[in-house]
Amino acid sequence: MMMVLRRLVRKRWVLGVVFGLSLIYFLTSTLKQEERTIRDRTLLEVRDSDHRIPWKVRFNLGNSSRQITQCRNSIQGKTLLTDELGYVCERNDLLVNGCCNVNAPSTRQYICKSCLTNGCCSIYEYCVSCCLQPDKQPLLEHFLNRAAEGFQNLFTAVEDHFELCLAKCRTSSQSVQHENTYRNPQAKYCYGESPPELLPV
């Protein structure tokens with residue numbers, strides 16, 4: 001039996017059949033892959049540019065009567081923090097539930113101090129607080145729909161208005177020029193759509 005197999009393998013026509021079948025399999029796989037690539041590219045090209053993506057972001061209702069027993073906050077500030085209701089307070093005025101103490105003299109809600117008209121601020125916590133203003137919702141929705149291509153992975157992970165403002169105000173590639181210098185070192189945290197104005201060096 002082994003001798004018969006060896007003789008068959010030595011015959012050129014058997015090797016030709018094996019080679020031919022391998023070549024057919026390779027070409028079929030390559031063509032299927034090419035068809036998938038062309039189909040995906042075509043779908044991307046014909047997609048309507050005004051198509052709205054079903055973002056998960058839930059916007060808050062401003063000064064609603066809802067009771068909050070626990071607050072998320074911006075955490076990392078050395079002296080200032082912003083809670084999810086838009087209050088900015090000093091770290092020592094943060095309550096045990098994570099909310100700012102609204103009765104503390106320095107606590108302010110929706111504060112845009114240090115923010116420019118283009119939505120860029122010099123202090124991260126003020127950027128988040130200003131971004132949380134209910135009237136910023138149309139601006140943020142417009143940004144989310146325009147950012148669909150470049151930032152979809154980042155912003156579709158965001159669950160609500162607070163998380164969106166935290167993510168949007170973090171220093172991003174929009175804030176830097178040549179990947180190593182700030183476009184405007186005094187206003188590098190932005191919730192707006194436009195990057196900071198480029199200051200002359």
Side-chain angles (χ1 to χ4, degrees), residues 1-60 70 72-76 84 118-121 124 127-128 131-132 136-185 187-199 201:
M1 183 72 177
M2 288 298 287
M3 291 292 287
V4 173
L5 280 174
R6 282 184 191 157
R7 282 185 190 156
L8 276 175
V9 169
R10 285 185 191 157
K11 296 203 182 234
R12 289 185 182 175
W13 69 269
V14 173
L15 292 175
V17 169
V18 171
F19 175 75
L21 291 173
S22 299
L23 182 63
I24 290 170
Y25 175 77
F26 171 75
L27 290 174
T28 305
S29 297
T30 304
L31 286 173
K32 282 182 181 176
Q33 180 63 36
E34 186 65 27
E35 283 176 15
R36 278 195 296 269
T37 304
I38 290 170
R39 187 177 66 241
D40 292 347
R41 192 179 303 138
T42 305
L43 283 172
L44 283 173
E45 287 171 358
V46 300
R47 187 170 66 186
D48 183 8
S49 60
D50 292 331
H51 172 68
R52 293 179 67 83
I53 290 176
W55 299 95
K56 294 186 290 183
V57 175
R58 297 184 309 275
F59 289 93
N60 68 27
Q70 294 287 321
R72 294 166 296 163
N73 59 64
S74 57
I75 301 170
Q76 75 264 24
E84 65 183 290
N118 67 351
C120 292
C121 314
Y124 175 73
C127 178
V128 175
C131 174
L132 284 169
K136 299 296 188 291
Q137 179 177 340
L139 171 74
L140 294 169
E141 285 179 337
H142 186 252
F143 165 77
L144 285 173
N145 283 293
R146 282 191 56 212
E149 296 301 322
F151 301 102
Q152 187 169 8
N153 289 341
L154 173 62
F155 289 108
T156 50
V158 161
E159 292 285 343
D160 59 22
H161 193 175
F162 180 66
E163 288 182 9
L164 175 60
C165 290
L166 287 177
K168 190 80 177 75
C169 287
R170 284 192 190 99
T171 304
S172 70
S173 58
Q174 277 192 314
S175 299
V176 293
Q177 181 186 20
H178 308 307
E179 299 181 7
N180 60 2
T181 55
Y182 287 113
R183 293 174 61 86
N184 182 344
K188 56 190 177 186
Y189 306 108
C190 301
Y191 62 83
E193 290 185 276
S194 305
E197 184 181 344
L198 181 60
L199 294 183
V201 180

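Quantities reported herein were computed from a predicted structural model and do not represent experimental measurements.
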Any chance you could lay out the side chain to side chain contact (heavy atoms under 4.5 Å, CB included) test for L164 and C131, step after step, and finish with the verdict? CA-CA 9 Å; L164 175 60; C131 174; 5.7 Å; no
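- Once rounded to the nearest 0.5 Å, the distance linking OG of S74 with CZ of F162 reads 6.0 Å.
- Within the 3.5 Å criterion, the main-chain N or O of E84 finds no donor-acceptor partner in the side chain of H161.
- Here the closest non-hydrogen pair linking Y189 and Y124 is CD1-N, 3.5 Å.
- The main-chain N or O of L132 is never found under 3.5 Å from a side-chain atom of Y191 such that the two would form a donor-acceptor pair.
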Do V128 and R170 pass the side chain to side chain contact (heavy atoms under 4.5 Å, CB included) test, and can you show the C-alpha distance, the side-chain angles, and the key distance before you say yes or no? CA-CA 9 Å; V128 175; R170 284 192 190 99; over 6 Å; no
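- The disulfide (SG to SG under 2.5 Å) test with C127 singles out one residue from C190, C121, C169, and that residue is C169.
- Under a 3.5 Å cut-off, the side chain of K168 and the backbone N or O of G192 do form a donor-acceptor pair.
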